[in-house]
Structure formats: structure tokens, C-alpha cells
Amino acid sequence: MTQWTQLAEEVIGGKRISDEEAMAILTSDDKELLALIDGAYKIRHHYFGNRVRLNKIINAKSGMCPENCGYCSQSSIANTGVEKYSFVNKETILEGAKRANDQKIGTYCIVASGRGPSEKEIDNVVEAVKEIKDKYNLTVCACLGLLNENQATRLKEAGVDRYNHNLNTSENHHEEITTSHTYQDRVNTVNVAKEAGISPCSGVIVGMKETKEDVVKMARELHALDADSIPVNFLNAIDGTPLEGTKELDPRYCLKVLSLFRFINPTKEIRISGGREVNLGTLQPLGLYIATSIFVGDYLTTEGQMASSDFQMLKDLGFEIDFADEAVAI
């Protein structure tokens, strides 16, 4: 039995790993990588078997964001030439939901740029979600920025199942990434969604010049927030953003990060999100022995790999799609 298998069994038994054990995961020698993944898979399989949850994004509003987030191609301080458009109409949102349903993609994510939604934008989402729930058996996740209590209540009543608002980085590192809102603003939005009865989805972006201690703090904070779904993004530095040219990651470290999040958040959906193709490369399949969820198709302003490649990867792994709480063979 390896140290990682033993630690995995202890985690399944209720152990909370120490900071020393967490750092040992991130700093482990590459020759231990397969053993580490095996330990993480033991936890993953205990709680989720070989099911994978698929997610699809619609970029419902692009660009024109007043915030100064250093990673974002849609930020007011970015010079990226990203396409800019106002909130799409209900029919466009419904077309995306139909495509997701046809592909057996269980979670449909309605994402909009900006500090937070206007009341008109909330109206638009509410109308669309009601029809999505009537027509398709999909989990709906909204990601619209900072929310107030009334907006969260309206989204819940319309049928929104999850609300995504990422912490992105640790509290210590937050002001190195953005100063136009606070770390607490982000925490507050996650809590507002929870209080409205919406499942909280919150995650991180790794590779933004943070320390390994910051990464451990991110995983700990998401555990404290009790986020049901944790997207782990790996920075895909976009030209024209303040983080342009940043390249701190390699596939092996990314797998160690995913393992850390699994050991600290054993019962939660962990999603390999933005930057998966760029940063994990040919090691992407190994990530799914740790994580339980991926995006299929394109991201907000960057391309993903072809959906057919993702489905083939899952088939080769022998995994099943978790669609509408049923396992679907690929």
C-alpha cells in the first residue's frame, strides 16, 4: 500500500488532510504521480464510480466588462479584440439548450460578462430557464456575476439549479489579480446563492503566479464554503491581458493540483475546466481518474477540443455519462 492509497482510505474514513500532507501532494516527485492519481481515483470511485458529468457553456453576453481581472479577455483593461455583444435573446439560449440535450450534456451553463446582471438581464434568464425546464431534462447553471438576494430568489424560482461564481484565487493573492471588487464580494455572492436554495458552484484559476500555499488555501476555502461543484481552471494566458505570456504550468503539476482538490473535497464534483486542453495536453485522460466533470465544446472566448474527441476519450476510459441522474453508456 502506497502512502497515497493509505491517505485516500483515511480520507474516505473521514480524515481531513493536514497542510503538510496537502503540500506533500503538490510537491511530490513525478515518479510518485501514478501512485498519487491512484489514491485520488480511490476517493473518486468511492463516491462517484466511473460517472462523468458533462457541461456546456453559452456565452450569453461577451466583452464590455468594467472589471479589471488580469486573466480575463473580456475585461475593460484587456486589449484582445474579443467579440463584444449584449445579452443574447431567449431563442438563442434555447437553441444552445437543445444542442446540449441532444448531446446528453447534463449541465447547461448560461454565462454573461459584467460585474453583475441588470434586472432586464435577469428577466431574460428567468424566461429562458422556465422554457428549458419545460422542454429538456437539464441542470441549469447561471454565471452572471455578483448577485443580490432578490436576484438569487428569482433565479431559484425560475428553476436555476446552480450558480457559479469562482473565487479564482486565494484571499492573499486576490489584489494581484483584481482590485475592482474584493475577495469578500465573491464569497458573499456564493453565500447569497446558497441562501436562496441554489447549489453553489465555485472554483479557481491555477497558474496566475500564486504560491503552492495559495493553492492549498483555495481548496480549503472551497471546502469551507461547501461548494457542490468546483471548476478547476488552468490559466490559458490570452495575449492582450495583464497575464499575457504567463506559463507556469506543466501537465504533471496540473494533475497534482487536481489530486489536491480531490483529497480536500472528496465528495464534491470537481470539473477540469478552462485551459484543460492547453495545460494537460495528452495527459487529459488521467485527469478524469481524479475529476468527475468536464466542459464539452468551446469556452467563453477560447476554443475547446472537438466534442467527438471528448466522447472518444470517455469511451476509451470506459466511463459513463451522468445525464439526468442516470448513467448513459457512450
*Passing candidate, side-chain contact (heavy atoms from CB on, under 4.5 Å) with Leu258, options Leu288, Leu286, Val232*: Val232

If only side-chain N and O atoms count, and only distance matters, is there a donor-acceptor pair under 3.5 Å linking [Y] with [X]?
{"X": "Asn124", "Y": "Lys61", "value": "no"}
{"X": "Thr153", "Y": "Asn150", "value": "no"}
{"X": "Glu67", "Y": "Ser180", "value": "yes"}
{"X": "Thr241", "Y": "Glu244", "value": "no"}
{"X": "Arg186", "Y": "His181", "value": "yes"}
{"X": "Thr139", "Y": "Arg162", "value": "no"}
{"X": "Asn191", "Y": "Glu195", "value": "no"}
{"X": "Thr169", "Y": "Asp214", "value": "no"}
{"X": "Asn68", "Y": "Thr179", "value": "yes"}
{"X": "Asp228", "Y": "Ser199", "value": "yes"}
{"X": "Asn50", "Y": "Tyr41", "value": "yes"}

Which heavy atom in [X] sits nearest to a heavy atom in [Y], and how many Å separate them?
{"X": "Ile110", "Y": "Ala60", "result": "CG2-CB, 4.1 Å"}
{"X": "Ile230", "Y": "Gly203", "result": "CG2-CA, 4.2 Å"}
{"X": "Arg44", "Y": "Ile290", "result": "CG-O, 3.6 Å"}
{"X": "Asp322", "Y": "Arg53", "result": "O-NH1, 3.0 Å"}
{"X": "Lys194", "Y": "Pro200", "result": "CG-CG, 3.4 Å"}
{"X": "Cys201", "Y": "Pro231", "result": "SG-CD, 3.8 Å"}

hydrophobic_cluster_shared for [Y] and [X], side chain cutoff 4.5 Å:
{"X": "Val11", "Y": "Leu260", "value": "yes"}
{"X": "Val125", "Y": "Leu146", "value": "no"}
{"X": "Phe234", "Y": "Leu243", "value": "no"}
{"X": "Met208", "Y": "Tyr253", "value": "no"}
{"X": "Ile17", "Y": "Leu225", "value": "yes"}

_Intermediate values then yes/no, side chain to side chain contact (heavy atoms under 4.5 Å, CB included), Ile270 and Ser293_ = CA-CA 6 Å; Ile270 294 176; Ser293 178; over 6 Å; no

For [Y], is there any backbone N or O sitting under 3.5 Å from a side-chain donor or acceptor partner on [X]?
{"X": "Ser202", "Y": "His165", "result": "yes"}
{"X": "Lys256", "Y": "Ser28", "result": "yes"}
{"X": "Glu210", "Y": "Gly207", "result": "yes"}
{"X": "Tyr163", "Y": "Leu144", "result": "yes"}
{"X": "Gln151", "Y": "Asn148", "result": "yes"}
{"X": "Ser113", "Y": "Gly63", "result": "yes"}
{"X": "Asp29", "Y": "Glu32", "result": "no"}
{"X": "Gln74", "Y": "Cys65", "result": "no"}

Does [X], at its [atom1] atom, have more than 12 non-hydrogen atoms belonging to other residues, nucleotides or ligands within less than 6.0 Å?
{"X": "Gln3", "atom1": "CD", "result": "yes"}
{"X": "Lys98", "atom1": "NZ", "result": "no"}
{"X": "Met64", "atom1": "CE", "result": "yes"}
{"X": "Asp30", "atom1": "CG", "result": "yes"}
{"X": "Lys247", "atom1": "NZ", "result": "yes"}
{"X": "Ile12", "atom1": "CD1", "result": "yes"}

*Do Tyr289 and Leu255 have side-chain heavy atoms sitting under 4.5 Å apart?*
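Tyr289 vs Leu255: side chains apart.
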
*Are Asn59 and Glu83 side-chain neighbours, meaning at least one heavy-atom pair lies under 4.5 Å?*
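They are not in contact (no side-chain heavy atoms under 4.5 Å apart), so the answer is no.
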
_Test side chain to side chain donor-acceptor pair (under 3.5 Å) on Gln184 and Glu171; report intermediate values, then the result._
CA-CA 8 Å; Gln184 193 59 45; Glu171 185 171 11; over 6 Å; no

*Under the side chain to side chain donor-acceptor pair (under 3.5 Å) rule, what do Ser18 and Glu21 come out as? Steps first, then yes or no, please.*
CA-CA 5 Å; Ser18 67; Glu21 289 165 329; 3.3 Å; yes

*Distance under 6.0 Å and angle within 45° of ring axis: Arg271 vs Phe295*: yes

_Residues Glu9, Lys42: salt bridge by 4.0 Å N-O rule_ =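 Result for this pair is yes, salt bridge flagged.
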
*asked:* Salt bridge or not between Arg154 and Glu119? Use side-chain N to carboxylate O under 4.0 Å.
replied: yes

_Taking side-chain contact (heavy atoms from CB on, under 4.5 Å) as the definition, give me every residue that meets it alongside Ala100, ordered by chain and number, with sequence neighbours left out._
Lys56, Ile105, Tyr108, Leu138

_By the definition side chain to side chain donor-acceptor pair (under 3.5 Å), identify the one residue from Gln103, Arg276, Gln284, Lys315 that meets it with Asp310._
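Filter result, single survivor: Arg276.
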
_Residue pair Arg262, Thr292: steps toward the side chain to side chain contact (heavy atoms under 4.5 Å, CB included) verdict_ = CA-CA 10 Å; Arg262 174 56 66 208; Thr292 56; 3.4 Å; yes

*asked:* Looking only at the aromatic ring of each residue, does the gap between the centers of Phe319 and Phe311 stay below 6.0 angstrom?
replied: no

*Begin from the C-alpha positions of Tyr71 and Asn168 and carry the test side chain to side chain donor-acceptor pair (under 3.5 Å) through to its verdict.*
CA-CA 10 Å; Tyr71 56 83; Asn168 287 330; 2.9 Å; yes

*Atom pair CG (Asn166) and SG (Cys69), whose distance is rounded to the nearest 0.5 Å*: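 Between atom CG of Asn166 and atom SG of Cys69 there are 10.5 Å.
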
